[in-house]
> 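For reference, the structure I am asking about is given below.
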Amino acid sequence: MEKSCSLLVHFDKSTPAISNEIKEALEGNDDSAKIDAMKKAIMLLLNGETLPQLFITIIRYVLPSEDHTIQKLLLLYLEIIEKTDSKGRVLPEMILICQNLRNNLQHPNEYIRGVTLRFLCRLNEVDVIEPLIPSIMSNLEHRHPYVRKNAILAVMSVYKLPQGEQLLADAPEKIESLLSTEQDPSAKRNAFLMLFQCAQERAVNYLLTNMERIPDWGELLQMVVLDLIRKVCRSNKEGKGMYIKIIISLLNAPSAAVVSECAGTLISLSSAPTAIRAAANTYCQLLLSQSDNNVKLIILDRLNELKSSHRDIMVDMIMDILRALSSPNLDIRRKTLDIVLDLVTPRNINEAVLTLKKEVMKTQGAELEKNGEYRQMLIQAIHFCAVKFPEVASTVVHLLMDFLGDNNVASAIDVVVFVREIIETNQKLRVSVVTRLIDTFYQIRAARVYSCALWIIGEYCLSLSEIESGIATIKQCLGELPFYSVSEEGEASESSSKKPQQVNTMTVSSRRPAVLADGTYATQSAASETAFSSPNVVQGLSGNLRTLLLNGDFFLGAVIACTLTKLILRLEEVQPLKVEVNKATTEALLIMVSIIQLGQSSFLPHPIDNDSHDRIILCIKLLSNPQDEVRKIWLTSCRESFVNMLSDKQLRETEETKAKAQSSHSQPDDLIDFYHLKSRKGMTQLELEDQVQDDLKRATGEFVKDENDANKLNRILQLTGFSDPVYVEAYVTVHHYDIVLDVTVINRTKVTLQNLCLELATMGDLKLVERPQNYTLAPESSKHIKANIKVSSTETGVIFGNIVYETSNVLERTVVVLNDIHIDIMDYISPAVCSDAAFRTMWAEFEWENKVAVNTVIQEAKEFLDHIIKSTNMKCLTAPSALEGECGFLAANLYAKSVFGEDALVNLSVEKQADGKLSGYIRIRSKTQGIALSLGDKITLKQKGGS
């Protein structure tokens, strides 16, 4: 069995393992050589060497040394050597050490005394410790606090040994008297810790006697006090209010560590609103006062936990939490916004949005590296608030439209999507938003932002002035026509308008295959210079739209054509003068023809794509010969589709909210018995609030005892057969970052099993954190063994195990092989939601993909999708309305997040074949290989159907 290790030292493998050299150095008179030799000996011992021949040498030549470093290394050597024989008896040689230890405990130098006392804390051999007891106790009254504090720890470690209470029967009484007179903070803390560990009643009495002085105690002692309070309150809830008063008094302590620990202790012991509010206030103060980013992230996690269990109290803290946005760290800002957005209510929405607006304006000042990403987060937060509370939309929409031309394309896209949704859901803002959009249209830089802005102009410009302004703005941003003018020699000529134009030289590369010497093909690029007329600067408008077209973005050209078509069709309805309509139609047709001409020229990197070409031709045909049915489709159906999309989104959010609200443990007419209100004698207000909260939890079913939980039976795994001499079963509990195995071992034989040991091994990112222990199991008796396993990533893991034991009848050890325990990836991932844009971004960035072919007996695509969602514990991001109908083909996106913050993306594409079977692929993408492979294995196992 592996020994426990209290000493870790870095070991360089290149160090020579030559014991003779070490022995010679130890026998010499050079102290520095002895120090090096002792270090080598210790490192070799730690790495498995025994070196039995060195012990006597060290006794003879190292033990008498007066050098402090040598004495310290001697104690480290004695700490790691084997002190007992195979039968557990202390080696005779250790008696030689006892006299030296006694001399050290009486040494005039306090350092020698202190390090020797620290060594005794790690010594478990009673035969060695017993002769030293008088010397240990005498050091409790030493003049130097360094000696006293280590003497107290030595007394505590000896008292906790199996025979310690017999060796030090009066130790608690002496430590208690020492505690009342001790002035050194460290020694006082150790004394109180000793009473806490060994004589809890004495520690509690001392605590209650000195309640008024607790705020003046040192930080170390206050931390031990909090540990004591937690232990006492969990075992005995009587008088909990008195201890909570102590905790509240420590909330104003100067130490941030004590204050944080107080808040955590308060939450764990009490559900009273007063206590929760005090803890939340404390966390908010720490959030502002602490400069360490890791501390802030931990505090935000605590606030997030409070938000889920005490939302009503946390709603009042929203402005305090928002102050954390002053931190430059993006993770802190993101987590702060996530908490705040879940706490906004009609009562605090105005203050929250005002703060977010101020933060957005701050990002305009200094262009820092992360300002663009932070601005995007703020815009998304404001978008959420404006959609949830439409009354605040008017105060933010015009401010955000200033960022349509933001260098951060993601921020600009978020702004234009926000504008598109607000203009539909808040009709009062339509005129002002359209006017503002037309005014800022020339500032836009990104093609995707232009596409959305053009769609808004085409759909929401309804009046004559708005339509004319929209057409004029698009014309101005496109500049003079045609888009290019190139002579035979490749030099620019003047356009037919005879207006002087500024000429830009663009380099256009053409590609053609070339044959290499080895016969393979390669691509050869040739650069040619083509002169394009640069966009004219008309009334201060920039030519971003024209530049994007000249760079070959013909999808944008198709969007321009569709927008102009809608505007002309609307102009026919509101413009009484036919001449003006014809003039506008002619100009629009000229623009569309110029785009097609540009796309078909041989001077661009690539020609216009077929889809964009067909769309522009369709627009030209429609304007040339408009029909009422087609006009209705263009002017009505497109907007109706967008309205349906928003309605579907709102309906899904409403249904999710209702589902959460309806998940209750008790019926509306059930009786709630506040029996603590009947007998409130002697109860403080805080205790009364706490007990009433317990009554509420009990009535609503939040107190669920493990022994009454039926689900526990479903998670028991049988590890051996019924005919095995030892029956073993395990209950597996997964707590985010660790796994707890509660193993029950039953001796089914008529003999005693000796040295019974549960040996475990893991595969995957699982690590055992405890060494196995030996047990003795009486005939037909049982034993509960707990094992902790740490988890470091979302990956399917396997735990292997054996039960090894001895009996008096059989000389050899018996081994019973246990069934494997498979850790399911589903325990680590949970459904999550992200935007379509974020999903596409992650899909493009993630490098690990696992492609699983569809192989199922299920014949309906929607039924198969529901089965995969249930099997993988993922959230379907595709709207239900998009999955309706029978077309024989289905595509959907699924998303989940692990407890370690890993993203899991799944795209399911299936098609129904002529024989009724489903075919297709399920693609999984993630940033790490483990989650992609594990999720793929899970889908492969579960996709055929059934449970």
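None of the values given here were measured: they were computed from a predicted structure.
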> With a cut-off of 6.0 Å (strictly less than), are more than 12 heavy atoms of other residues, nucleotides or ligands near CD of Glu759?
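Yes, the 6.0 Å shell around CD holds more than 12 heavy atoms from other groups.
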> Backbone N or O of Ile739 within a donor-acceptor pair of the Lys790 side chain at under 3.5 Å?
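Answer holds: no.
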> Minimum heavy-atom separation for Thr720 to Val728, with atom names?
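Looking at all heavy atoms of both residues, the closest pair is OG1-N, 2.8 Å.
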> Let's go through Gln99 and Asn103 carefully: what are the C-alpha distance in whole Å and the side-chain angles of both, what is the deciding distance for side-chain hydrogen bond (donor to acceptor under 3.5 Å, both in side chains) to 0.1 Å, and is it a yes or a no?
CA-CA 6 Å; Gln99 183 61 41; Asn103 293 338; 3.1 Å; yes
> Give the intermediate values and the outcome of side-chain contact (heavy atoms from CB on, under 4.5 Å) for residues Ile129 and Leu161.
CA-CA 11 Å; Ile129 291 176; Leu161 292 174; 3.8 Å; yes
> Does atom CD of Gln718 have more than 12 heavy-atom neighbours from other groups under 6.0 Å away?
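Atom CD in Gln718 is packed in, count exceeds 12.
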> With the side chain counted from C-beta on, respond yes when Leu167 and Glu130 share a heavy-atom pair under 4.5 Å apart, and no when they do not.
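Sidechains of Glu130 and Leu167: in contact.
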> Less than 4.5 Å apart, any side-chain heavy atom of Cys757 and any of Asn774?
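Yes, close enough: below the 4.5 Å cut-off.
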> State, to 0.1 Å, how close Tyr77 and Leu54 come at their nearest heavy-atom pair, and which atoms those are.
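In this case the closest contact between Tyr77 and Leu54 is OH-C, 4.2 Å.
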> Which atom pair, heavy atoms only, marks the closest approach of Ala263 to Ala279?
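Smallest heavy-atom distance, with atoms named: O-CB, 3.9 Å.
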> Below 30° counts as parallel, above 60° as perpendicular, anything between as tilted: where do the rings of His142 and His144 land?
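Answer is tilted, since the angle falls between 30° and 60°.
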> Any side-chain heavy-atom pair from Leu228 and Val204 closer than 4.5 angstrom?
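Side-chain contact under 4.5 Å: yes.
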> Any sub-3.5 Å donor-acceptor pair from Asn190's side-chain atoms to Lys149's backbone N or O?
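Indeed, once roles are kept as given, a pair shorter than 3.5 Å links the two residues.
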> Before giving the answer on salt bridge (charged side-chain N to carboxylate O under 4.0 Å, His left out), spell out for Arg148 and Glu110 the whole-Å C-alpha distance, their side-chain angles and the decisive distance to 0.1 Å.
CA-CA 10 Å; Arg148 293 199 303 272; Glu110 58 270 9; over 6 Å; no
> When you compare the side chain of Leu207 with that of Phe196, does any pair of heavy atoms fall below 4.5 Å?
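Phe196 vs Leu207: side chains apart.
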> Closer than 4.0 angstrom, basic N to acidic O: yes or no for Lys39 and Asp36?
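No, Lys39 and Asp36 are not salt-bridged.
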> How far apart are the C-alpha atoms of Ser135 and Arg102, what are their side-chain angles, what is the distance that settles it, and do they pass the side-chain hydrogen bond (donor to acceptor under 3.5 Å, both in side chains) test?
CA-CA 7 Å; Ser135 300; Arg102 185 185 293 111; 4.7 Å; no
> If you take all heavy atoms of Ala203 and Phe192, which pair is closest and at what distance?
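Scanning both residues completely, I find the closest heavy atoms to be O-CE1, 3.7 Å.
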> Any side-chain to backbone donor/acceptor pair from Asn139 onto Leu105? Under 3.5 Å, distance only.
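Indeed, once roles are kept as given, a pair shorter than 3.5 Å links the two residues.
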> Does Asn29 have any side chain to side chain contact (heavy atoms under 4.5 Å, CB included) partners at least two apart in sequence or in another chain, and if so, which?
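Side chain to side chain contact (heavy atoms under 4.5 Å, CB included) check on Asn29 returns nothing, list empty.
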> Under 4.0 Å between a Lys/Arg side-chain N and an Asp/Glu carboxylate O for Arg230 and Glu261?
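Salt bridge: yes.
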> What pair of heavy atoms forms the shortest contact from Ala191 to Ile175, and how long is it?
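Ala191 and Ile175 have their closest heavy atoms at O-CG2, 3.5 Å.
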> Hey, does the side chain of Glu729 reach the backbone of Leu719 with a donor-acceptor pair shorter than 3.5 angstrom?
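No.
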> Mind checking ring pair (Phe, Tyr, Trp, His ring centres under 6.0 Å) for Tyr727 and listing every partner two or more places apart, or none if nothing turns up?
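Scan of Tyr727 (ring pair (Phe, Tyr, Trp, His ring centres under 6.0 Å), adjacent residues dropped) gives Phe722.
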> Under 30°, 30 to 60°, or over 60°: which ring-plane class applies to Tyr206 and Trp217, parallel, tilted or perpendicular?
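Because their plane-to-plane angle is under 30°, the rings of Tyr206 and Trp217 count as parallel.
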> Any donor-acceptor pair under 3.5 Å linking the side chain of Thr749 with the backbone of Pro725?
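Side chain of Thr749 to backbone of Pro725, a donor-acceptor pair under 3.5 Å: no, none is there.
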> Checking Ser781 side chain against Leu777 main chain: does a donor-acceptor pair fall under 3.5 Å?
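No; zero donor-acceptor contacts below 3.5 Å.
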> For Arg122, does the CZ atom have more than 12 heavy-atom neighbours from other residues, nucleotides or ligands under 6.0 Å away?
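For Arg122, atom CZ is crowded (more than 12 foreign heavy atoms under 6.0 Å).
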> Walk me through it: do Arg813 and Glu806 pass the test salt bridge (charged side-chain N to carboxylate O under 4.0 Å, His left out)?
CA-CA 5 Å; Arg813 303 195 76 183; Glu806 299 174 352; 3.4 Å; yes
> In chain order, what residues pass the salt bridge (Lys or Arg N to Asp or Glu O under 4.0 Å) check against Asp127, with sequence neighbours excluded?
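Applying salt bridge (Lys or Arg N to Asp or Glu O under 4.0 Å) to Asp127 gives none.
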> Taking all atoms of both residues into account, what is the closest heavy-atom pair of Ala187 and Glu182, and its distance?
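It is CB-CD, 3.6 Å.
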> Between the side chains of Ser65 and Asp67, is a donor N or O closer than 3.5 angstrom to an acceptor N or O?
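Distance-only check fails for Ser65 and Asp67.
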